[in-house]
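Everything on this sheet refers to the single structure shown next.
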Amino acid sequence: MRENLVLQVLLVIIVVLHLSRRPAEGVRWLALAKMSWLGSLSEEDGCDRLAGLVKRQKRLCRRNVELMDSVKTGALMSIDECQAQFQNRRWNCSTTDSNRLFGRVILKQETRESAFVHAISSAGVGYAVTRACSSGQLRKCGCDRTVRGRSKDGFEWSGCSDNIAYGSAFSTAFVDARERGQRRKNSSRALMNLHNNQAGRKAIEDNMQVECKCHGVSGSCEMRTCWRAMPTFRRVGQLLKEKFDGATEVKSAIRGTRLVLMPLNPQFKPHTEQDLVYMESSPDFCEPDPKLGSLGTHGRVCNKTSKAIDGCDLLCCGRGYMTRKVKLVERCRCKFHWCCVVKCKQCERIIDEHVCA
Ligand SMILES: *[C@@H]1O[C@H](CO)[C@@H](O)[C@H](O)[C@H]1NC(C)=O
Ligand SMILES: *[C@@H]1O[C@H](CO)[C@@H](O)[C@H](O)[C@H]1NC(C)=O
Ligand SMILES: *[C@@H]1O[C@H](CO)[C@@H](O)[C@H](O)[C@H]1NC(C)=O
């Protein structure tokens, strides 16, 4: 009897240990977005007070205190961009008050939405760190000085090229940290998160632009100097939203001794490094479910004429909608006065607004 009990207790302990090591909540570090005192993080032990970080991330924080403000900026930028891209969808990327920021559907499930949040936030950190490097205010990194010499298009590489290699490398080290330790644990969710994190960084790396300045007599462009610059973060958000729309549903499979992700439907072409992948279909997000992270769509403004997801039919989940009059105040009848002011009147317009029942 006694031995039996000991055995059972041991079993429970093993199960609990196993569960606690599951690669859940890959984006818990986004909680940094809420920490107002982060800017004053200077003394090294401050890193241990940061909620939502795993050991490896705290270690990186201690070694790179000067980058932590950029990590926070990256978190804020990515949440803003997520909300902009999803403003007309049932799930609109709204965050919760708790410091977990997102509900189960992002933190613990393997949905498209979770794929997007992983990708945009890992892109956000890469972006913000790269920008901080270019600002010239960091000790550890600066502009990319490997972009040098004369290009074949006849211009001179010069100026400050964005050091995306550095930003991406830091994002990989920091954002992937929670899953990295789990990779050996052979978990398909860790693989999924790592893939989507990488796809987010790719959206910047693969879309670097060339920006130039002209030199020469009176504004002619006899000489040009150019540098490599990141796309706008809005562009990165758009690219990833397109990847969200075309995301591939995958399953895990064993190849040799390695766990890999492959399309659920073998007739589909395999996903590329740039694509987002998911393993679980999303809930419909029609009704509020705080644990899930769904606010429901009651009271949301919808578009009466649209047949897409922002239209009243789909957004309101077939419950119907109400119409109310709202007053719109606009600048109007603007006149140009010589020289140089524009004066406008304020006009009021009454419009119909439709909201989900
Ligand atoms: C992953 O797990 C499978 C069984 O689920 C096993 O056959 C394989 O050897 C494991 N691979 C590694 C690298 O642990
Ligand atoms: C998202 O929708 C909820 C209602 O479901 C609304 O209260 C909230 O303001 C919206 N958030 C954003 C960022 O649009
Ligand atoms: C509503 O949807 C229609 C059709 O998609 C579109 O032309 C229109 O601009 C939308 N209106 C608003 C206010 O977004």
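Heavy-atom basis, side chains included; hydrogens, waters and symmetry copies ignored. Predicted, not measured: the structure shown is a model, and the values here were computed from it. All ligand and atom numbering here is 1-based and tracks the order in the structure.
Of the protein's non-hydrogen atoms, the one nearest atom 10 (C) of ligand 2 is N92 ND2, 2.5 Å. Looking only at heavy atoms of the protein, atom 4 (C) of ligand 2 is closest to R300 CD, 3.5 Å.
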**OP:** Would you check, one step at a time, whether the test side-chain hydrogen bond (donor to acceptor under 3.5 Å, both in side chains) holds for Q109 with S114?
**Re:** CA-CA 7 Å; Q109 292 187 326; S114 178; over 6 Å; no

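Counting the atoms of ligand 3 from 1 in the order shown, those under 4.0 Å from a heavy atom of T305 are 1 (C), 2 (O), 3 (C). Of all the atoms in ligand 2, the ones that sit under 4.0 Å from a non-hydrogen atom of G296 are 5 (O). For ligand 2, the atoms sitting less than 4.0 Å from at least one non-hydrogen atom of L295 are 3 (C), 5 (O), numbered in the order shown with element in parentheses.
To the nearest 0.5 Å, atoms CD (Q209) and CE (M230) are separated by 10.0 Å.
Within the 4.0 Å heavy-atom criterion, neither part of H298 lies near ligand 2. When non-hydrogen atoms are compared, ligand 2 lies under 4.0 Å from neither the backbone nor the side chain of Q87.
Looking at R131 and S70, their side chains never bring a donor and an acceptor atom within 3.5 Å of each other. If you check the side chains of N265 and E249, you find no donor sitting under 3.5 Å from an acceptor.
Residues H118 and H195 keep their aromatic ring centres 6.0 Å or farther apart.
Considering each of G311, S306, C312, the one bringing a non-hydrogen atom nearest atom 5 (O) of ligand 3 is S306.
Protein heavy atoms are found inside the 4.0 Å sphere centred on atom 14 (O) of ligand 2. Of the protein's heavy atoms, none falls inside 4.0 Å of atom 7 (O) of ligand 3.
Judged by the 6.0 Å distance and 45° axis criteria, K304 is not positioned over the aromatic ring of Y321.
C160 has its SG atom within less than 2.5 Å of the SG atom of C143. The SG atoms of C302 and C356 lie 2.5 Å or more from each other.
The N/O atoms of N303, backbone and side chain alike, include one that comes under 3.5 Å of an N/O atom in ligand 3.
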